[in-house]
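Following: one structure in structure tokens, then a few remarks.
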Amino acid sequence: MEHVESLIAASGPLPPITVHRPTTRVIDGMHRLRAMTLMGHKTIAVRFFDGTEEDAFVLAVKSNIAHGLPLSAADRGRAAERIITTHPRWSDRMIASVVGTSAKRVAEIRRTVGPDGTGELPRIGRDGRVRSLDVSEGRKLAHDMIVSDPGLSLRQVARAAGISPETVRDVRNRVLRGEDPVPGGRPRGLPARTTGPQPADRAGRTAVGCEVAPPPAVVVERLSADPALRLNENGRDLLRLLTIHTVRSEDWNRIIESVPPHRMRTVAHLARSCADKWSEVATRIERNASQLT
């Protein structure tokens, strides 16, 4: 009644209520209806909903979460349990967004409800996309995409592989560690990392097969998160220079093909000069590192 009285005292017209047309039940606006009745009004503005009773309940919960009186944790739990039963194909995140709780809590409630007969069928997410519960294939696809094109964003890979950006992030971290993209799986033909010193060729490079090197773009992204580099001007200059060289192979091909014939020798000379400079930089940094050990 306190809420009803506050509506009566409010100035201006009240928003329309929502009514389920097939059953004439009020979906949203019971307090507004009560307030209008107490004020002596014979009519009230209505928006009709023509969906199923199950969908009407979902709309009622979602509307209440948006602007109604706060639901208790128990009410949210009961609402989630009912929606899991009537909409078993909805993802945990989608149901959580309706009842105003966490996806983790919805997953816990789903386990208590028991089998719903849908098995491992794909679920519908908040964005309307259908995703399989078995994301192993999506993880494998994401792994291949990250390795072949490290410059792709998390969302680009997620959309193509049909998995969430956070899952893509986990796959990328596994790539860095040389692990299988699927948790609990075996390494996908990748040699294991070793802890001892690695054999090197005359140029000082690690022998092939002794250590899995992550894609350069992934390494640069990790460096960019290091405060020791990104919070000082020299470090930011280094990151910018490194980022320039992490373009995709097809982009390098496009750049090479764009060099006009009369400038090819000049550009080739400059490219070789830059390579020599980077080789010198690498040698000096390795020397500094050896002095610290």
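These values consider heavy atoms only, across backbone and side chains, with no hydrogens, waters or symmetry-generated copies.
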Can you confirm whether [X] sits close enough to [Y] that some side-chain heavy atom of one is under 4.5 Å from a side-chain heavy atom of the other?
| X | Y | result |
| --- | --- | --- |
| Arg76 | Ile65 | yes |
| Ser6 | His31 | no |
| Ile244 | Arg240 | no |

If I take atom [atom1] from residue [X] and atom [atom2] from residue [Y], how far apart are they, to the nearest 0.5 angstrom?
| X | Y | atom1 | atom2 | answer |
| --- | --- | --- | --- | --- |
| Leu239 | Asn234 | CG | CG | 11.0 Å |
| Ser290 | Ile285 | OG | CD1 | 12.0 Å |
| Thr283 | Trp278 | OG1 | CH2 | 12.5 Å |
| Phe49 | Thr18 | CZ | OG1 | 9.5 Å |
| Thr167 | Arg172 | OG1 | CZ | 13.0 Å |
| Arg110 | Ser91 | CZ | OG | 7.5 Å |

In chain order, what residues pass the side-chain contact (heavy atoms from CB on, under 4.5 Å) check against [X], with sequence neighbours excluded?
| X | result |
| --- | --- |
| Glu166 | Ser164, Arg169 |
| Arg105 | Thr101, Ser102, Glu108, Ile109 |
| Ala74 | Ser72, Arg78 |
| Glu233 | Arg236, Asp237 |

Which pairs, with at least one residue in residues 258-269 and sequence neighbours excluded, count as a salt bridge (Lys or Arg N to Asp or Glu O under 4.0 Å)?
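Output for this query is empty, none listed.
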Rest of the hydrophobic cluster containing Val46 (Ile/Leu/Val/Met/Phe/Trp/Tyr, side-chain heavy atoms under 4.5 Å)?
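Val46 clusters with Met1, Val4, Leu7, Ile8, Leu14, Ile17, Val19, Val26, Met30, Leu33, Met36, Leu38, Met39, Ile44, Phe48.
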Output the rest of the hydrophobic cluster of Val259: all Ile, Leu, Val, Met, Phe, Trp and Tyr residues reachable through side-chain heavy-atom contacts under 4.5 Å, sorted by chain and number.
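Met264, Val267, all in the cluster of Val259.
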Tell me whether Gln156 contacts the main-chain N or O of Ser153 through its side chain, where contact means a donor paired with an acceptor under 3.5 Å.
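Yes.
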Quick one: does Arg93's side chain have a donor or acceptor within less than 3.5 Å of a partner on Ala103's backbone?
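A pair under 3.5 Å: no.
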Would you mind checking if Arg174 and Asp170 are paired as a salt bridge, meaning a charged N to carboxylate O distance below 4.0 Å?
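Yes, this pair counts.
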Before you tell me yes or no, could you show the steps for Trp90 and Val98 under side chain to side chain contact (heavy atoms under 4.5 Å, CB included), namely the whole-Å CA-CA distance, both residues' side-chain angles and the distance that decides it to 0.1 Å?
CA-CA 11 Å; Trp90 281 14; Val98 171; 4.2 Å; yes
Could you list the donor-acceptor pairs under 3.5 angstrom formed by side chains in residues 270-277, with sequence neighbours left out?
from   : atom 1 : to     : atom 2 : distance (Å)
Lys277 : NZ     : Glu280 : OE1    : 3.4

If only side-chain N and O atoms count, and only distance matters, is there a donor-acceptor pair under 3.5 Å linking Thr23 with His20?
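The answer is yes; a qualifying pair exists.
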Considering residues at least two apart in sequence or located in another chain, which fulfil the side chain to side chain donor-acceptor pair (under 3.5 Å) criterion with Thr24?
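For Thr24, no residue satisfies side chain to side chain donor-acceptor pair (under 3.5 Å) once neighbours in sequence are set aside.
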Please report the closest heavy-atom contact between Pro181 and Arg139, naming both atoms and the distance.
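Residues Pro181 and Arg139, closest heavy atoms: O-NH1, 2.7 Å.
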Can you sort out the partners of Arg21 under salt bridge (Lys or Arg N to Asp or Glu O under 4.0 Å), two or more places apart, ordered by chain and number?
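Arg21 satisfies salt bridge (Lys or Arg N to Asp or Glu O under 4.0 Å) with Asp50 only.
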Do Val61 and Ile95 share a hydrophobic cluster, counting only Ile, Leu, Val, Met, Phe, Trp and Tyr and linking them when any side-chain heavy atoms are less than 4.5 Å apart?
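Yes: a chain of side-chain contacts under 4.5 Å links Val61 to Ile95.
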Taking only distance into account, with no hydrogens and no angle test, what donor-acceptor pairs under 3.5 Å do side-chain atoms of residues 52-59 form with protein atoms, sequence neighbours excluded?
from  : atom 1 : to    : atom 2 : distance (Å)
Thr52 : OG1    : Glu54 : OE1    : 3.4
Thr52 : OG1    : Asp55 : N      : 3.1
Thr52 : OG1    : Asp55 : OD2    : 3.4
Glu53 : OE1    : Arg25 : NH1    : 3.3
Asp55 : OD1    : His87 : NE2    : 2.7

Could you please spell out the steps behind the side chain to side chain contact (heavy atoms under 4.5 Å, CB included) verdict for Ile146 and Val168?
CA-CA 9 Å; Ile146 292 170; Val168 176; 4.2 Å; yes
Provide the full list of side chain to side chain donor-acceptor pair (under 3.5 Å) pairs with a residue in residues 32-48, sequence neighbours left out, each pair given once.
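Side chain to side chain donor-acceptor pair (under 3.5 Å) check on residues 32-48 returns Asp28-Arg32.
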